[in-house]
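Labels below follow one simple rule: chain letters A, B, ... track the order of the sequence lines, proteins then strands, and each chain is numbered from 1. Values reported hereafter were calculated over all heavy atoms of this structure, with side chains retained and with hydrogens, waters and symmetry mates removed.
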Amino acid sequence: MKASQLFYPTLREVPSEAEIVSHQLLLRAGFIRKNTAGVYTYLPLARRVLRKIENIVREEMDKAGGQEIVMPIIQPRELWDKSGRWSLYGEEMFKLGDRHKREFALGPTHEELITTLVNADVHSYKGLPLLLYQIQNKYRDEIRPRFGLMRGREFIMKDLYSFDVDDAGLDVSYQKMHKAYQQIYERLNLKYRVVQADSGAIGGKESHEFMVLAASGESEIVYCTLCDYAANVEKAVCSVDQAVRTEEESRPLTKVHTPGQKTINDIVEFLGIPKTKQIKTLMYSADGELIAAILRGDRELNEIKLKNTLQANELFMADEAVVKEICGAGFGSLGPVGMPVRIYIDLEVAAMNNFACGANEDDYHFTNVNLDRDFTAYAVADLRNAVAGDKCPCCEGNLQMIRGIEVGHIFKLGTRYSQAMQATFLDDKGQEQFFVMGCYGIGVSRTMAAAVEQNYDENGIIWPLPIAPFQVIIVPVNINQADQKAMAEQLYQQLTANGIEVLLDDRDERAGVKFKDADLIGIPLRITIGSKTLQENKVEMKKRWEKESFLVDIDAVIGTVHDIIFK
RNA sequence: CGGGAUGUGGCUCAGCUUGGUAGAGCGCCUGGUUCGGGACCAGGAGGCCGCAGGUUCAAAUCCUGUCAUCCCGACCA
């Protein structure tokens with residue numbers, strides 16, 4: 001491809017709408033343009049990258065037994081009524097009507113559609129397992145689209161759905177996908193981590209997320225430095241034996257006057273009691289019922305864990321006025337002693353003694369509080385967020401934190417959708433059974449953005465070789481010099497003939513402009529043709545990710561490029 | 001949906017407080033000089049100042065409404 005022919009409008013300045021690196025660079029380098037919030041046009045360079053990602057995904061899906069199909073974007077309401085998700089998905093779905101006033105949705109995901117499809121045409125266990133996938137635009141009317149391609153309202157996703165005869169079959173399909181996903185991220189050449197994930201209200205028992213590691217990632221991940229354990233903080237287990245047991249004797253409960261002291265820090269200062277000897281009491285409304293969640297003073301509540309423990313559908317922090325009425329004190333003065341609602345305590349708290357807490361009376365606290373003697377817990381559960389330094393739940397190692405971008409997510413769905421959609425087959429005993437399903441997504445466009453978040457410098461993008469829009473860029477310093485132009489053409493032809501994707505910057509621009517653009521769009525390998533080196537029958541080569549360039553004999557160019565690209 | 005901010009040529013922004021009919025840099029076009037890290041000189045094109053009302057002799061500027069975009073939060077297979 002000749003740069004003079006390529007549509008890649010680069011920008012010198014950062015468009016003001018872009019906050020994060022991938023958004024800024026993809027805009028500046030002429031990969032994407034915004035149409036409306038969360039909706040983008042992919043220009044030629046982006047299209048090339050997306051295709052490469054898609055092809056790697058496609059190959060691995062096929063290798064794992066997947067078969068590609070394409071499902072419609074427009075889906076009728078009835079399908080979604082069947083699964084109950086028309087209202088459940090609610091606002092997040094783009095909805096539209098036709099001229100007959102029939103209602104439709106732009107597909108945010110395709111479980112309903114594919115379950116219907118498979119149910120219509122697979123009637124026997126002999127047709128299973130069946131793995132079908134597509135790479136397609138998805139539509140979600142995000143409350144707040146942001147970060148460019150990271151959280152768009154229209155995005156490209158690969159979604160595969162597995163259909164099996166039973167749970168054992170699902171396990172096999174799930175493992176296949178798990179492995180295929182690892183292959184994919186290896187091949188994309190991205191640093192990533194697989195983590196245990198919360199499967200959400202709708203998911204099944206098991207779920208893993210694939211995280212591309214990047215400082216700007218939205219998700220927090222904990223991982224063990226010794227073993228393979230890794231999990232989304234939402235999910236990370238804080239096991240019992242992490243709790244520091246205190247061996248001291250129980251001391252008598254004491255009520256202390258603490259005028260105006262509300263926060264944990266206030267008590268640290270006022271009473272000289274460390275955070276780790278205090279507890280905090282958080283009030284929640286769970287499906288309308290007021291409950292108390294209790295944690296050590298320095299810990300953070302994990303709402304997802306609490307929600308799962310309570311098996312609540314709706315959970316939000318209680319209104320202070322309500323709390324005051326029922327408990328007799330405001331937020332800063334609460335405690336479990338005499339608390340008139342159900343008390344859920346964190347595992348760690350169960351191991352503490354002689355701690356301090358609010359007395360359910362403004363301006364008073366208790367010290368030397370002890371579980372069972374002074375109050376009883378309705379349940380003890382893992383409720384807090386893991387933090388760096390926690391003991392690994394699987395081994396003797398310690399946990400560390402890192403940030404990541406969720407680019408893949410796999411779920412065991414079980415029979416949730418097949419039951420809702422009444423999708424069945426006959427097993428080998430002639431019994432009617434529900435399909436046992438799994439679903440497996442990869443955010444293709446998000447993966448492109450994540451690759452940028454992970455690979456850039458002050459000059460622009462540094463594409464990993466497997467997904468670079470071009471592998472090599474040839475820059476003749478001055479295209480008006482006949483010998484440079486001729487050499488550029490010659491190398492371009494030769495490299496192209498050798499199956500290498502080359503961009504020839506044949507524009508009549510100054511060298512600086514061409515270098516800047518080459519760096520910005522992130523082509524991994526640059527070949528510079530200048531008059532001095534040309535006289536010595538050499539060209540200059542530079543790897544985008546390295547600082548120094550090096551000279552190569554013209555005869556050796558093909559071989560050198562080959563070595564670098566195909567390693 | 002709450003809180004905050006912003007809408008002025010393709011991009012980044014100034015002008016708005018104290019109304020008098022629009023500017024800079026970059027980009028773009030033409031000519032010339034340049035030519036290994038976003039050149040220089042000269043000339044030029046391009047904006048009913050997001051939109052709709054209102055106040056006023058007069059509105060980019062003041063007022064009201066509205067739309068859009070961005071950030072924080074709530075939300076989130």
Between B:U6 and B:A77, how many Å separate the two P atoms, rounded to a whole number? 34 Å

Of the listed nucleotides B:A74, B:A77, B:G37, the one nearest the side chain of A:R85: B:A77

Could you go through the side-chain contact (heavy atoms from CB on, under 4.5 Å) check for A:R526 and A:T528 one step at a time? CA-CA 6 Å; A:R526 188 180 84 199; A:T528 307; 3.2 Å; yes

On the side chain of A:D517, is there an atom forming a donor-acceptor pair with the base of B:G38 - under 3.5 Å, no angle test? yes

Taking only N/O atoms, report every protein-nucleotides 3-7 of chain B pair under 3.5 Å with atom names and distance.
none

Looking at B:C1, which nucleotide sits across from it as a Watson-Crick or G-U wobble partner, both distances under 3.5 angstrom, or is there none? B:G73

Atom-to-atom span, CZ of A:F147 to C1' of B:G73 - whole angstrom: 12 Å

Listed by chain and number, what are the side-chain contact (heavy atoms from CB on, under 4.5 Å) partners of A:A64, not counting sequence neighbours? A:M177, A:A180

What distance, rounded to whole Å, do you find between the two C1' atoms, one in B:C28 and one in B:A60? 25 Å

Given the P atoms of B:U61 and B:C48, what is the spacing between them in whole Å? 15 Å

Separation of B:G36 C1' from A:K542 NZ (nearest whole Å): 14 Å

Looking at A:S16, I'd like to know whether one of its side-chain N or O atoms comes within less than 4.0 Å of OP1 or OP2 on B:C11. no

Using atom CD of A:E209 as one end and atom P of B:C76 as the other, report the distance to the nearest whole Å. 15 Å

With a 3.5 Å distance limit and no angle check, can you tell me whether A:Y417 reaches the backbone of A:Q422 through a side-chain donor-acceptor pair? no

Could you tell me which nucleotide pairs with B:G19 by Watson-Crick or G-U wobble geometry, both distances under 3.5 Å, or answer none if nothing does? none

Can the ring centres of A:Y133 and A:H110 be said to be less than 6.0 Å apart? no

In residues 23-31 of chain A, which residues come under 4.0 Å of RNA chain B by heavy atom? A:R28

Tell me whether the NZ or CZ atom of A:K95 lies within the 45° cone about the ring axis of A:W86 and under 6.0 Å from its centre. yes

Its contact letters, B for base, S for sugar-phosphate only and - for none at protein heavy atoms under 4.0 Å, make nucleotides 23-33 of chain B read --BSS------

Fit a plane to each ring of A:F210 and A:Y192, take the angle between them on a 0 to 90° scale, and name the class: parallel (under 30°), tilted (30 to 60°) or perpendicular (over 60°). parallel

Closest non-hydrogen contact found for A:A286 with A:L310 is CB-CD1, 3.8 Å

Mind checking the P distance from B:A39 to B:C26? Whole angstroms is fine. 11 Å

Considering only the P atoms, how many Å lie between B:A68 and B:A59, rounded to the nearest integer? 27 Å

Contacts satisfying salt bridge (Lys or Arg N to Asp or Glu O under 4.0 Å) that involve residues 481-490 of chain A (not counting sequence neighbours) are A:K2-A:E489

If I pick the C1' atom on B:G32 and the same atom on B:G15, what distance separates them, to the nearest angstrom? 35 Å

Should B:U33 form a Watson-Crick or G-U wobble pair with both distances under 3.5 Å, which nucleotide is its partner? B:A39

Please measure how far the P atom in B:C16 lies from the corresponding atom in B:C62, and state the result in whole Å. 10 Å

Pairing partner (Watson-Crick or G-U wobble, both distances under 3.5 angstrom) of B:U61: none

Between N or O atoms, less than 3.5 Å apart, protein on one side and nucleotides 66-68 of chain B on the other: list the pairs.
none

Criterion side chain to side chain donor-acceptor pair (under 3.5 Å) on A:E111 and A:T115, from CA distance to verdict: CA-CA 6 Å; A:E111 281 85 2; A:T115 306; over 6 Å; no

Among B:C71, B:C75, B:G37, which is the nearest nucleotide to the side chain of A:I143? B:C75

Where the side chain of A:N478 is concerned, which of B:C1, B:C70, B:C35 is the nearest nucleotide? B:C35

Does the A:R544 side chain pair with the main chain of A:D519, one donor and one acceptor, at a distance under 3.5 Å? yes

Across the strands shown, which category fits A:E540 at heavy-atom distances under 4.0 angstrom: base, sugar-phosphate, nothing? base

Return the value, rounded to whole Å, for the distance between atom CZ of A:R33 and atom P of B:G10. 14 Å

What is the separation between atom CD on A:E19 and atom C1' on B:C70, rounded to the nearest whole Å? 7 Å

Which residues share a side chain to side chain donor-acceptor pair (under 3.5 Å) with A:E17, sequence neighbours left out: A:K34

Would you confirm whether A:K158, through its side chain, and A:E54, through its main-chain N or O, come within 3.5 Å as a donor-acceptor pair? no

Under 4.0 Å between any heavy atoms, over every strand shown, what does A:K34 touch: base, sugar-phosphate, or nothing? Just pick one. sugar-phosphate

Pairing residues for A:R146 by the side chain to side chain donor-acceptor pair (under 3.5 Å) criterion, not counting sequence neighbours: none

Within the distance-only criterion (no hydrogens, no angle test), does the side chain of A:N232 pair as donor or acceptor with the backbone N or O of A:K235 below 3.5 angstrom? no

Which part of the nucleic acid does A:V475 contact within heavy-atom distance under 4.0 Å: base, sugar-phosphate only, or nothing? nothing

B:A39, B:C76, B:C72: which one has an atom nearest the side-chain heavy atoms of A:E92? B:C76

With respect to the phosphate group of B:C71, does any side-chain polar atom (N or O) of A:R144 fall under 4.0 Å of OP1 or OP2? yes

Please work out if A:R151 contacts a base, only the sugar-phosphate, or nothing of the nucleic acid, heavy-atom cut-off 4.0 Å. base

Assess the side chains of A:H208 and A:Y174: does a donor N or O sit below 3.5 Å from an acceptor N or O? yes

Any donor-acceptor N/O pair, A:N478 side chain to A:N480 backbone, under 3.5 Å: yes

Suppose we define a pair by two distances each less than 3.5 Å, Watson-Crick or G-U wobble; what does B:G10 pair with here? B:C26

Given the C1' atoms of B:C72 and B:U34, what is the spacing between them in whole Å? 50 Å

Considering every strand and a 4.0 Å limit on heavy-atom distances, what is the contact class for A:T533: base, sugar-phosphate, or nothing? base

For A:R507 and B:G37, give me the distance from atom CZ to atom C1', rounded to whole Å. 13 Å

Taking salt bridge (Lys or Arg N to Asp or Glu O under 4.0 Å) as the cut-off, I'd like each qualifying pair that reaches into residues 70-80 of chain A, sequence neighbours left out, listed once. A:R77-A:D81, A:R77-A:E103, A:E78-A:R102

Among all residues two or more places apart in sequence or in another chain, which pass the side-chain contact (heavy atoms from CB on, under 4.5 Å) test with A:K262? A:D266, A:S333, A:D362

Using a strict heavy-atom distance below 4.0 Å, which residues from residues 103-119 of chain A are in contact with RNA chain B? A:E111

Tell me which nucleotide, if any, is Watson-Crick or G-U wobble paired with B:U66 when both distances must be under 3.5 Å. B:G50

Between atom CD1 in A:I304 and atom C1' in B:C76, what is the gap in whole Å? 9 Å

Would you check if there is a donor-acceptor pair between the side chains of A:E540 and A:T533 at a distance under 3.5 Å? no

The side-chain contact (heavy atoms from CB on, under 4.5 Å) partners of A:L11 (sequence neighbours excluded) come to A:P15, A:R28, A:R33

